[in-house]
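Side chains included, hydrogens not; waters and symmetry mates left out as well; all remaining heavy atoms used.
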Amino acid sequence: MTTPVPIAEAGLPDPATLSGAQQRGVHCVWCSVALANGTAHDLGPRHVDAHGTSALWFPRCCPSCRKGQEQ
């Protein structure tokens, strides 16, 4: 089981600044391109504060942005 990573340590955008589609993992968290299940990259579960309650967020990105983040 993967241990959730706090967003601040993950280098991801703040979920509050993302569109609903980006928050749901339908669009890339960085470039907003629509994702296909076969090519989307799961970035793993992340802790996020949701109105004073800890929740998990499951961000995803496109292959191009994944390559850009690995450098």
Checklist entry - Is there a side-chain contact between Leu43 and Val29 (heavy atoms, below 4.5 Å)? => result yes
Item to check | Cys28 side, atom SG; Arg60 side, atom CZ - distance, nearest 0.5 Å | outcome: 10.0 Å
Checklist entry - Atom CZ of Arg46 and atom CG of Leu56: how far apart are they, to the nearest 0.5 Å? => result 11.0 Å
Next on the checklist: I'd like to know if the side chain of Asp14 and the backbone of Ala16 have a donor-acceptor N/O pair within less than 3.5 Å.
Outcome noted: yes
Checklist entry - Is the side chain of Asp49 donor-acceptor paired with the backbone N or O of Gly52 at a distance under 3.5 Å, no angle test? => result yes
Checklist entry - Do you know which two heavy atoms are closest between Pro15 and Gln23, and how far apart they sit? => result O-NE2, 2.6 Å
Next on the checklist: Go through it in stages, so that I can follow the logic: the residues are His27 and Val33, the test is side chain to side chain contact (heavy atoms under 4.5 Å, CB included), and I'd like the CA-CA distance, side-chain angles, deciding distance and then a yes or no.
Outcome noted: CA-CA 5 Å; His27 289 176; Val33 70; over 6 Å; no
Next on the checklist: Less than 4.5 Å apart, side chain to side chain, heavy atoms only: is that true for Ser32 and Gln22?
Outcome noted: yes
Next on the checklist: Rounded to the nearest 0.5 Å, what separates atom CG in Leu18 from atom CZ in Arg24?
Outcome noted: 11.5 Å
Next on the checklist: For Cys31 and Cys62: C-alpha separation, side-chain torsions, deciding distance, then whether side chain to side chain contact (heavy atoms under 4.5 Å, CB included) applies.
Outcome noted: CA-CA 8 Å; Cys31 72; Cys62 68; 3.7 Å; yes
Checklist entry - Considering only heavy atoms from C-beta outward, does the side chain of Pro45 approach that of Trp57 to under 4.5 Å? => result no
